[in-house]
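If you're wondering where the values come from, they're calculated on a predicted model, not measured in any experiment. The first residue of the sequence shown is numbered 1, and numbering continues consecutively from there.
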Amino acid sequence: MADVANPRARYRRILRFAGRYMVQAWWFELVLPRFGLGALAARGRTRRLRTIARRFHVLAVQYGGLMIKVGQFLSSRLDVLPPEITKELEGLQDEVPPVAFPAIRELAEIELGVPLSRAFEWVDETPVAAASLGQAHRARLTPADALETGFADVVIKVQRPGIEAIVDVDLAALRRVAGWLSRVKIVRDHVDLPQLVEEFAHTSREEIDYLHEAQNAERFAADVAGDARVAAPEIAWERTTRRVLTLQDVTAIKINDIEGLRAAGIDPAAVAVEFADVMFDQLFQRGFFHADPHPGNIFVTPVVRPAGDTRHPWTLTFIDFGMMGEVPDTLRHSLQQLVIAVASRNTGQMIDSIRAVGVLLPSADTIELERAMTALFARFGGMGFAELQKVDPREFRDFAKEFGDVVRSLPFQLPENFLLIIRAVSLTSGMCSSLDPSFNVWDAVEPYADRLLRDERGNVGRAVVREATSMAGVVARLPRRLDDMVTRIEDGRLVADVPKLDRWLKRLERMGRRVVSAVLFAGLLISGSVLRAEDLTIGTVLMIASLLPLLHALFAGFSGGRGPHD
């Protein structure tokens with residue numbers, strides 16, 4: 001990896017690269033259109049982007065570090081970037097030059113405190129993977145360690161020597177570039193780039209701490225323990241440190257190895273659907289998700305199912321848990337509502353959900369956005385990636401210009417934790433499109449949204465049942481409490497605090513009304529359910545009518561107000 005010993009040269013080259021293409025973008029995308037030369041600028045746009053991608057590929061492979069992460073993100077965007085560009089960058093998933101094994105051996109032995117020949121029965125000096133921040137080698141545990149862990153074949157992941165210094169340099173360069181971009185009004189008004197860089201910095205530092213990754217792996221495995229679709233490797237803790245991670249070898253068919261999948265009798269299109277659903281579950285249900293699901297981190301593992309089991313005869317096995325994200329409960333609920341809105345093509349609900357997520361500021365006037373989203377759904381809604389490729393590029397360009405103008409006019413921001421969510425969603429989308437060019441994200445979202453709706457309704461139903469159960473308890477206890485009060489009055493043991501007594505009597509009156517409503521609800525519901533078998537219309541009307549006293553019984557107490565000591 002270049003410039004490990006010369007961080008200043010690395011820093012300057014990254015800045016020169018960014019500065020050069022920022023000036024180019026400013027000239028072609030802002031200056032020329034103002035002089036009526038927009039068509040000329042647009043005509044050479046693909047060629048310019050391909051050149052940038054090719055030169056960035058060279059830079060990232062030569063320099064490694066965090067530059068690889070940027071390239072991996074771009075290479076996954078098959079759904080929005082031309083294939084010429086993604087093709088230039090896709091090799092960044094696997095083609096990072098490996099570190100010579102003697103350097104890896106030296107670092108690992110310092111970390112483990114023993115020679116590798118004692119720590120392991122054998123270690124393969126040829127790396128199985130060379131990533132931007134670390135390098136992986138197959139190995140086998142000693143018989144004693146294998147007996148303790150329950151597995152023998154492992155993969156040792158060792159940090160690249162000097163990677164911590166490289167990450168520091170790359171982050172310094174990214175901070176400088178973010179500062180440059182923040183001086184551009186349209187960027188500054190819409191996104192806090194310095195904050196995003198700091199979030200990225202935090203994630204990057206966690207990623208090079210292998211103890212943190214091991215903890216993430218165990219948490220992920222616990223989260224998916226009951227999900228037969230997903231698997232994760234176990235950790236050999238005795239052979240794991242901050243810079244060396246030893247985990248069970250779960251190598252199988254790489255998820256983007258389409259020929260390998262077909263040779264194993266596995267349909268890539270089915271893998272795309274299952275992968276999307278698994279990632280949706282992580283993002284919108286569990287709230288703890290794999291934020292780096294690129295092809296090198298996911299295997300498709302054939303499994304033998306019991307007779308009669310109709311599930312897929314394979315699992316999705318995740319590795320590399322250095323970059324994980326968490327979705328807070330409030331944000332997860334907002335994202336669920338957004339998924340439901342997108343699936344139902346409900347633009348009004350979608351705008352409300354975007355506000356709730358925090359992307360749009362409360363002051364945003366969204367009338368034009370709602371109109372543009374309605375037009376988007378009307379024209380392109382339901383289309384898969386392959387269908388979109390057949391659309392006239394001029395239509396895309398005209399729509400993108402109009403839609404882009406609307407979006408740029410709105411005050412939006414990226415809330416905390418959102419960078420990893422965007423990364424995970426974009427990698428998932430790109431992966432599914434590469435597995436199946438006809439993959440239709442609508443087909444994946446709609447059944448998932450239906451499930452979310454059912455869960456949501458179930459939660460509401462459970463809340464109503466809890467409240468009704470509570471009311472039933474009050475009704476059951478009320479006669480005894482009234483009898484106790486009368487007894488205390490007869491015995492002269494009731495001490496009357498007039499203000500408190502007045503409040504208590506008012507509460508008792510309200511409670512009595514709610515009890516009557518509860519009894520009325522029960523009577524109507526039971527009568528309706530009995531009569532429904534004989535007279536569907538009358539029975540249904542009675543059951544519907546029972547909702548009115550039910551609502552009064554549940555919520556009347558909230559409208560009457562409460563004193564400070566109620």
Side-chain angles (χ1 to χ4, degrees), residues 128 138 140-141 143 146-155 216-236 247-290 293-321 339 343 384 428 431-455 457-458:
V128 65
R138 283 195 174 91
R140 182 173 294 123
L141 295 175
L147 183 63
E148 182 176 343
T149 60
F151 52 89
D153 293 330
V154 295
V155 171
N216 284 342
E218 286 204 333
R219 178 178 172 184
F220 182 88
D223 273 4
V224 302
D227 191 341
R229 304 170 301 170
V230 190
E234 296 186 49
I235 306 299
L247 65 162
Q248 182 184 14
D249 187 354
V250 292
T251 305
I253 306 169
K254 192 175 292 188
I255 190 171
N256 67 339
D257 182 1
I258 293 177
E259 294 305 317
L261 292 173
R262 287 174 176 158
I266 299 172
D267 181 7
V271 174
V273 173
E274 200 74 88
F275 176 60
D277 198 54
V278 164
M279 289 304 299
F280 287 164
D281 272 348
Q282 292 179 35
L283 283 160
F284 306 128
Q285 293 283 76
R286 296 189 176 98
F288 184 64
F289 64 94
H290 199 298
H294 68 73
N297 287 340
I298 305 156
F299 297 109
V300 179
T301 307
V303 296
V304 178
R305 301 287 191 195
D309 193 329
T310 59
R311 292 173 297 181
H312 295 303
W314 43 265
T315 61
L316 294 167
T317 303
F318 286 74
I319 63 170
D320 195 348
F321 302 94
V339 169
T428 300
M431 175 64 69
C432 291
S433 297
S434 68
L435 284 168
D436 179 13
S438 64
F439 176 79
N440 191 330
V441 70
W442 305 101
D443 293 339
V445 168
E446 286 175 356
Y448 190 82
D450 287 342
R451 194 161 78 241
L452 287 179
L453 272 174
R454 288 196 300 272
D455 291 345
R457 288 166 183 160

Next item on the list: Kindly indicate, with the supporting measurements, whether the criterion salt bridge (charged side-chain N to carboxylate O under 4.0 Å, His left out) is fulfilled by D281 and R229.
Entry: CA-CA 11 Å; D281 272 348; R229 304 170 301 170; 2.6 Å; yes
Notebook entry, point to check: Between F288 and Q282, is any pair of side-chain heavy atoms under 4.5 Å apart?
Noted result: no
Notebook entry, point to check: Are any of the side-chain heavy atoms of H290 and N216 separated by less than 4.5 Å?
Noted result: no
Notebook entry, point to check: Considering only heavy atoms from C-beta outward, does the side chain of P268 approach that of D436 to under 4.5 Å?
Noted result: no
Item checked: Over all atoms of both residues, closest heavy-atom pair of I235 and A217 -> CD1-CB, 3.9 Å
Check: Nearest heavy-atom pair of W314 and A270: which atoms, and what distance?
Finding: CH2-O, 3.9 Å
Check: Taking all atoms of both residues into account, what is the closest heavy-atom pair of N256 and L435, and its distance?
Finding: CA-CD2, 4.4 Å
Next item on the list: Grab the two heavy atoms, one from I266 and one from P302, that are nearest each other, plus how far apart they are.
Entry: CD1-CG, 4.4 Å
Margin query: To the closest 0.5 Å, what do you measure between CG (L247) and CD1 (I319)?
Written below: 7.5 Å
Note to self: Any donor-acceptor pair under 3.5 Å linking the side-chain atoms of E274 with those of H312?
What the structure shows: yes
Margin query: Please determine whether a side-chain nitrogen of the Lys or Arg among D257 and R262 lies less than 4.0 Å from a carboxylate oxygen of the Asp or Glu.
Written below: no
Note to self: Can you classify the ring geometry of F280 versus F284 as parallel (below 30°), tilted (30 to 60°) or perpendicular (above 60°)?
What the structure shows: tilted
Checklist line | Which atom of A228 lies closest to which atom of T315, heavy atoms considered | finding: O-CG2, 3.2 Å
Note to self: Is there a salt bridge (charged side-chain N to carboxylate O under 4.0 Å, His left out) between R138 and D153? Walk through the geometry before answering.
What the structure shows: CA-CA 8 Å; R138 283 195 174 91; D153 293 330; over 6 Å; no
Note to self: When you compare the side chain of Q248 with that of V154, does any pair of heavy atoms fall below 4.5 Å?
What the structure shows: no
Check: Distance from F299 atom CZ to I255 atom CD1, nearest 0.5 Å?
Finding: 10.5 Å
Check: Rounded to the nearest 0.5 Å, what separation is found between the OG atom of S433 and the CZ atom of F439?
Finding: 7.0 Å
Note to self: Minimum heavy-atom separation for P313 and R305, please, with both atom names.
What the structure shows: CA-CG, 4.1 Å
Notebook entry, point to check: About how many Å separate NZ of K254 and CG of L261, when rounded to the nearest 0.5 Å?
Noted result: 12.0 Å
Checklist line | Ring centre gap for F318 and F220 strictly below 6.0 Å | finding: yes
Note to self: To the nearest 0.5 Å, what is the distance between CE on M431 and OG1 on T428?
What the structure shows: 8.5 Å
Notebook entry, point to check: Would you say V300 and L316 make side-chain contact, with heavy atoms under 4.5 Å?
Noted result: yes
Note to self: Could you measure the distance from the OG1 atom of T317 to the CG atom of N297? Nearest 0.5 Å is fine.
What the structure shows: 12.0 Å
